[in-house]
Amino acid sequence: LHDALPILSNGQIDQSQYKFFKIRSLNTPNDYGMLQEALQRRQKHPEWGRPDLILIDGGKGQIRAVSKVWQENIPIIGLVKNPDRLVLIKNHLNHKNALETKVINLQAEHPTLKILQQLRDEAHRFAKKHHARLRTKNLLQ
């Protein structure tokens with residue numbers, strides 16, 4: 001199991017800064033657990049720099065899972081598909097002590113949505129390419 005973390009610097013995807021984590025704590029796919037492990041391990045490397053924003057491919061559940069382990073005060077947003085929309089965490093808990101979220105629908109051609117889609121799609125491309133390399137390596141062994 002693996003999780004990919006591409007980086008956007010100055011509005012451009014920076015492939016030299018990509019991070020790829022082999023998930024160690026899980027033997028079966030678990031989206032929330034994989035996100036949590038990757039981001040917990042990411043936080044252990046301050047030499048990689050501090051992100052200004054964390055974009056998660058997913059919605060309320062993924063954002064809540066990440067917010068449980070991310071310790072820095074950095075905005076976390078999710079990008080949900082079909083139709084693409086943003087999910088944000090409000091800065092307070094509700095009466096049930098749960099994080100409040102807000103969904104924002106942007107027009108399909110909105111520049112913010114376009115750059116976030118590009119980043120999400122690049123993360124998928126990078127992860128698929130790396131998985132294919134690992135499958136080929138394992139097949140040849």
Side-chain angles (χ1 to χ4, degrees), residues 1-140:
L1 301 172
H2 301 84
D3 219 339
L5 301 176
I7 306 293
L8 192 67
S9 298
N10 298 319
Q12 301 293 318
I13 291 174
D14 186 355
Q15 291 185 354
S16 70
Q17 298 297 312
Y18 282 14
K19 307 300 177 213
F20 195 82
F21 294 95
K22 183 174 183 182
I23 302 301
R24 300 176 184 151
S25 64
L26 302 166
N27 294 326
T28 58
N30 174 330
D31 194 30
Y32 301 148
M34 292 167 64
L35 281 168
Q36 288 176 326
E37 180 180 332
L39 289 170
Q40 282 173 323
R41 289 171 55 196
R42 165 61 176 88
Q43 289 179 94
K44 293 178 182 178
H45 294 277
E47 71 276 12
W48 292 347
R50 184 180 183 270
D52 297 316
L53 173 73
I54 297 174
L55 172 66
I56 302 299
D57 182 17
K60 294 176 184 179
Q62 286 83 358
I63 288 178
R64 287 184 178 126
V66 168
S67 69
K68 289 178 184 177
V69 298
W70 191 259
Q71 298 173 356
E72 298 185 48
N73 188 20
I74 296 171
I76 301 169
I77 63 172
L79 183 57
V80 183
K81 290 183 234 166
N82 300 325
D84 284 348
R85 58 204 180 278
L86 302 178
V87 179
L88 311 171
I89 294 177
K90 293 183 181 180
N91 289 332
H92 59 83
L93 301 173
N94 66 17
H95 65 282
K96 295 180 183 176
N97 207 27
L99 287 174
E100 290 277 334
T101 58
K102 179 177 181 169
V103 176
I104 298 176
N105 294 303
L106 296 174
Q107 294 176 351
E109 297 302 318
H110 195 284
T112 300
L113 182 58
K114 289 294 182 192
I115 199 162
L116 295 176
Q117 289 169 328
Q118 179 185 2
L119 187 57
R120 177 204 53 209
D121 295 346
E122 176 62 11
H124 288 176
R125 184 205 64 78
F126 176 68
K128 286 178 184 179
K129 182 178 176 182
H130 192 75
H131 283 284
R133 265 191 257 133
L134 291 175
R135 279 194 304 276
T136 301
K137 180 181 173 182
N138 288 338
L139 192 68
L140 295 174

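Just so it is clear, the structure is predicted and the values come from calculations on it, not from any experiment.
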query: Do the ring planes of Phe21 and Trp48 sit parallel (below 30°), tilted (30 to 60°) or perpendicular (above 60°)?
result: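 Tilted, since the angle between the ring planes falls between 30° and 60°.
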task: Would you please classify the geometry between the Phe126 ring and the Tyr18 ring as parallel, tilted or perpendicular, with 30° and 60° separating the classes?
output: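 The arrangement is perpendicular - the two ring planes meet at more than 60°.
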Starting at [atom1] of [X], measure out to [atom2] of [Y] and round the result to the nearest 0.5 Å.
X	Y	atom1	atom2	value
Lys128	Arg133	NZ	CZ	14.5 Å
Asp121	Leu116	CG	CG	10.5 Å
Leu113	Arg85	CG	CZ	11.5 Å
Leu35	Arg42	CG	CZ	14.5 Å
Leu55	Gln117	CG	CD	10.5 Å
Ile76	Leu88	CD1	CG	11.0 Å

Write down the atom of [X], the atom of [Y], and the distance for their closest heavy-atom approach.
X	Y	answer
Ile74	Arg50	CG1-NH2, 3.4 Å
Trp70	Pro51	CZ2-CG, 3.9 Å
Arg41	His45	O-CD2, 3.2 Å
Val87	Ile63	O-CD1, 3.0 Å
Tyr32	Ala65	CB-CB, 3.8 Å
Asp57	Leu79	OD1-O, 3.6 Å

task: Check for a donor-acceptor pair, side chain of Glu37 on one end and backbone N or O of Ser25 on the other, with a separation under 3.5 Å.
output: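 Answer holds: yes.
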Atom CD of Glu72 with >12 non-hydrogen neighbours under 6.0 angstrom: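 Yes - once you tally the heavy atoms of other residues, nucleotides and ligands closer than 6.0 Å, there are more than 12.
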task: Check whether more than 12 heavy atoms from other residues, nucleotides or ligands sit under 6.0 Å from atom CG of Asn138, and answer yes or no.
output: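 Check passes, neighbour count above 12.
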message: side-chain contact (heavy atoms from CB on, under 4.5 Å) for Ile77 and Ile104? Distances and angles first, verdict last.
response: CA-CA 10 Å; Ile77 63 172; Ile104 298 176; over 6 Å; no
